[in-house]
Amino acid sequence: MQEYEELMQFVEEENVEFIRLAYFDVFGHQKNIAIMSGELERAVRWGVSIDGSAVDGFEADVRSDLFLKPDLSTISIVPWRPSDSRVCRIFCDVVYPDGTPFESDTRYILRQAVRAAAARGIEVKFGSEMEFYVFRRDAQGQPTTTPIDRAGYMDVEPLDAGENLRRDICFALQEMGVTPESSHHERGPGQMEIDFRYSDPITAADNTSTVRWAVRNICAADGCFADFSPKPLAGEPGSGMHLNISVHSDGEKDYTDEFLAGIMKYVRDITLFLNPSQQSYMRLGRMEAPRYVSWAVQNRSQLIRIPADPSGRRRIELRSPDPEANPYLAFALLIRAGLYGIEHHLTLPLPLDVNLYKADPVLMRGLEQLPTSLQEAVQIARASSMVKEFVPAGCLEAYARNAE
C-alpha cells in the first residue's frame, strides 16, 4: 500500500497524465499499452487486459486473456516526451486472470532463475556493454545504411559525429534511473558503445531494455536511425552485447570457476537465445567476435575472458551475445547454466592463452565451436535438456520459426 501511495505522489508531483504499461514478447521486443493517470489505481489493483494470442511466441490461443500487472518499482519519466502532461513508463509482469504468472513471460522466467540461485545462497549480477550503429535517414525519413561518420575506436570530434548524441542518451538514461558508466565511439563507422553499471538480473535486464528504447528514440529525434542488429554492414565490425557477470555467495567460497564451467558446458545449447537472428552468425568468428568455446584471462579472442581488475574482484565477460538477444531470457539461461556448474562441481578446463584468430589450425580442431548458423543453433537447442526444462515449448518454436 505504501508503494502505491508513493507512486501516486510521484504521478501528481511530476504532472504525469499518460502511463505506458510496458511488457515484452519472447524475443524481448518491448510492447506497451497506454492509460491515463486516473486509470492507474484500477491497473494496480486488477491489471490491464491484453490479447495474448496476438503476441508472437505467447501461444495463448486457448487462454488468450492475459493481464499486465505493473511493477511499481520500475516507474520512470520518459524524458524525450513533452514536459507538460508528462509520460511515464512502468514495466509489467504478465499474468493469467487469476493472478498466476504467465509461463512465457520472460521476465517471470528470469525471476524464477534468480529465486533458484538465491535458494542456494548465490547472487548473480549482470552488466551489459551495448554496441550499435547510427545511420542517416533519406529525404523521406527512411533508414539508410550510410553511417553518420567514418570515425574509429574512441575517436573524438570532428571525426566522431556521435559525441552530442551519446551525451543526450546518457542524460536521458540518468533521468530514467539508469547509470551509464561510459560511452565512446567503437571501431566501425558510425558505431557506438554505451556501458552501464551492473546490478541484479531483473534490474540489469530492465536497464538493457531501457537503453535500447532510449537510444532508438533519441536517435530518431535527431534525424538518425539506431541499428542494434549484429552485422548491419558487411566488412565492418559487428555489434555485440558483451555481458559482465559476477557471482557472489553467502559464504566464503568463490564459485566463479564452477559457474563459468557451467556456462561453457551449456553455451552451445543456449546460443539460439544469445544470438537469435541470421545476422548473428555473420558476426561470430570475425573481428573479435568469438567462434570457439574457450576462456582465458584478459584475452579478447576468447568466448569468455576474466578482465583485469586492480581491485582484485573477479568477473566473467561473455563475448558472444549480441544486442538482439532478449536479456531476460539470456540472463535466466546463463544463471541456470552457471548453477548447474556449481551444483555438479564442474571443473573449469585450462585457459587457452593464445590468439585464436592466428592460432595453429591443428589446435583449433580440438575445440568445440559455437553454432555456425541459426538453423544449427535451433537443432542444438531442440536437443538440449536444459532448454526443454527452462524454456517454454511455444517460446522455443517461435525462435525456430525465425530460421525457416
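For reference, positions follow the sequence shown, starting with 1. Worth knowing before you read on, the calculation uses all heavy atoms, side chains too, and leaves out hydrogens, waters and symmetry mates.
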Taking atom CD1 of Ile304 and atom CG of Leu348, what is their separation to the nearest 0.5 Å? 8.5 Å
Gln191 side chain vs Gly238 backbone, donor-acceptor pair below 3.5 Å: yes
Does the side chain of Asn326 reach to within under 4.5 Å of the side chain of Phe27, using non-hydrogen atoms? no
Answer yes or no: are there more than 12 heavy-atom neighbours, outside Arg197 itself, under 6.0 Å from its atom CZ? no
Where do Gln375 and Gln278 land on the side chain to side chain contact (heavy atoms under 4.5 Å, CB included) test, with the steps shown first? CA-CA 9 Å; Gln375 290 77 9; Gln278 296 284 3; 3.1 Å; yes
Stepwise side-chain hydrogen bond (donor to acceptor under 3.5 Å, both in side chains) test for Asp56 and His29: CA-CA 10 Å; Asp56 198 9; His29 301 149; over 6 Å; no
Between Lys388 and Ala381, is there a donor-acceptor pair closer than 3.5 Å when you use the side chain of the first and the backbone of the second? no
Please determine whether side-chain hydrogen bond (donor to acceptor under 3.5 Å, both in side chains) holds for the pair Arg115 and Gln112, giving the CA-CA distance in whole Å, both sets of side-chain angles, and the decisive distance to 0.1 Å. CA-CA 5 Å; Arg115 288 170 180 161; Gln112 291 294 90; 2.8 Å; yes
Can you name the one residue among Ile380, Leu374, Leu329 that meets side chain to side chain contact (heavy atoms under 4.5 Å, CB included) with Leu272? Leu374
Within this structure, what is the CD1-CG distance for the pair Ile90 and Leu21, rounded to the nearest 0.5 Å? 6.0 Å
Closest approach of Phe273 and Ala325, non-hydrogen atoms and distance? O-CB, 3.5 Å
Answer yes or no for Arg89 and Phe91: cation-pi contact, defined as NZ/CZ to six-membered ring centre under 6.0 Å and angle to ring axis within 45°. yes
Before giving the answer on side chain to side chain contact (heavy atoms under 4.5 Å, CB included), spell out for Leu367 and Leu352 the whole-Å C-alpha distance, their side-chain angles and the decisive distance to 0.1 Å. CA-CA 10 Å; Leu367 297 177; Leu352 194 61; 3.5 Å; yes
Heavy-atom closest pair, residues Pro232 and Asp227: CB-OD2, 3.7 Å
How about Arg120 and Tyr255: do any of their side-chain heavy atoms sit closer than 4.5 Å? no
Counting distance only, does the side-chain N/O of Arg283 pair as donor-acceptor with the main-chain N or O of Gln279 below 3.5 Å? no
Side chain of Arg81, backbone of Arg86: donor and acceptor closer than 3.5 Å? no
Please determine whether side-chain hydrogen bond (donor to acceptor under 3.5 Å, both in side chains) holds for the pair Ser182 and His184, giving the CA-CA distance in whole Å, both sets of side-chain angles, and the decisive distance to 0.1 Å. CA-CA 7 Å; Ser182 62; His184 61 85; 5.6 Å; no
Using every non-hydrogen atom in the two residues, find where Ala22 and Gln30 come nearest and quote the distance to one decimal. CB-NE2, 3.9 Å
Start with the C-alpha gap between Val95 and Thr100, add the side-chain angles, then the distance that decides, and say whether side chain to side chain contact (heavy atoms under 4.5 Å, CB included) holds. CA-CA 5 Å; Val95 300; Thr100 57; over 6 Å; no
Is there a donor-acceptor pair under 3.5 Å between the side chain of Asp149 and the backbone N or O of Gly190? yes
Please answer whether the main-chain N or O of Phe228 pairs with a side-chain N or O of Arg216 as donor and acceptor at a distance below 3.5 Å. no
Hey, does Tyr153 have a side-chain heavy atom less than 4.5 Å from the side chain of Glu186? yes
Would you indicate whether the side-chain heavy atoms of His242 and Pro307 approach each other to under 4.5 Å? no
Phe10, CZ: over 12 other non-hydrogen atoms inside 6.0 angstrom: yes
Please step through salt bridge (Lys or Arg N to Asp or Glu O under 4.0 Å) for the pair Arg314 and Asp257, ending with a clear verdict. CA-CA 10 Å; Arg314 295 182 74 209; Asp257 285 356; 3.0 Å; yes
Separation between OG of Ser320 and CD1 of Ile263, rounded to the nearest 0.5 Å: 9.5 Å
About how many Å separate SG of Cys224 and CZ of Arg137, when rounded to the nearest 0.5 Å? 8.0 Å
I need the Tyr23 OH to Arg107 CZ distance, nearest 0.5 Å. 14.0 Å
For the backbone of Asp195 and the side chain of Glu181, can you confirm whether one donor and one acceptor N or O come within less than 3.5 Å of each other? no
State whether Phe67 and Lys69 meet the cation-pi test: NZ (Lys) or CZ (Arg) under 6.0 Å from the six-membered ring centroid, and within 45° of the perpendicular axis. no
Take a 6.0 Å sphere around CZ of Phe135 and say whether it holds more than 12 heavy atoms from other residues, nucleotides or ligands. yes
Taking the side chain as everything from C-beta on, heavy atoms only, tell me whether Met192 gets closer than 4.5 Å to Ser183. no
Treating Trp295 as the side-chain partner and Ile306 as the backbone partner, does any N or O pair qualify as donor plus acceptor under 3.5 Å? no
Could you point out which residue of Asp105, Asp93, Thr106 forms a side-chain hydrogen bond (donor to acceptor under 3.5 Å, both in side chains) with Arg111? Asp93
What one should report as the nearest heavy-atom pair of Phe58 and Val94 is CE2-CG1, 4.3 Å
Salt-bridge criterion met for Lys253 and Glu258 (N-O under 4.0 Å): yes
Does a side-chain heavy-atom distance below 4.5 Å link Leu110 with Ile335? yes
Residue pair Pro70 / Cys92: nearest heavy atoms and the distance that separates them: CA-SG, 3.7 Å
In terms of side-chain heavy atoms, does Ser280 have a donor or acceptor partner in Glu324 at a distance below 3.5 Å? no
Does a side-chain N-to-carboxylate-O contact under 4.0 Å join Glu397 and Arg382? yes
Is a side-chain donor or acceptor of Ser249 paired with a backbone partner of Gly121 at a separation under 3.5 angstrom? no
Heavy atoms only: give me the nearest Ala377-Tyr281 pair and the separation to one decimal. CB-OH, 3.3 Å
Greater than 12 external heavy atoms within 6.0 Å of Trp46's CH2: no
In Å, rounded to the nearest 0.5 Å, how long is the span from CE of Met130 to CD1 of Ile169? 11.0 Å
Between Tyr108 and Tyr328 (judged by ring centroids, cut-off 6.0 Å), do the two rings come close enough to count as a pair? no
Out of Arg150, Arg166, Met154, which one pairs with Asp160 under the side chain to side chain contact (heavy atoms under 4.5 Å, CB included) rule? Arg166
Chi angles and distances behind the side chain to side chain contact (heavy atoms under 4.5 Å, CB included) call for Phe196, Ser128: CA-CA 6 Å; Phe196 47 100; Ser128 301; 3.7 Å; yes
Under a 4.5 Å cut-off applied to non-hydrogen side-chain atoms, are Tyr266 and Ser385 in contact? yes
Derivation and outcome, side-chain hydrogen bond (donor to acceptor under 3.5 Å, both in side chains), residues Glu103 and Tyr96: CA-CA 9 Å; Glu103 299 88 344; Tyr96 287 110; 2.7 Å; yes
Do Tyr133 and Phe225 make a side-chain contact, defined as non-hydrogen atoms from C-beta onward lying under 4.5 Å apart? no
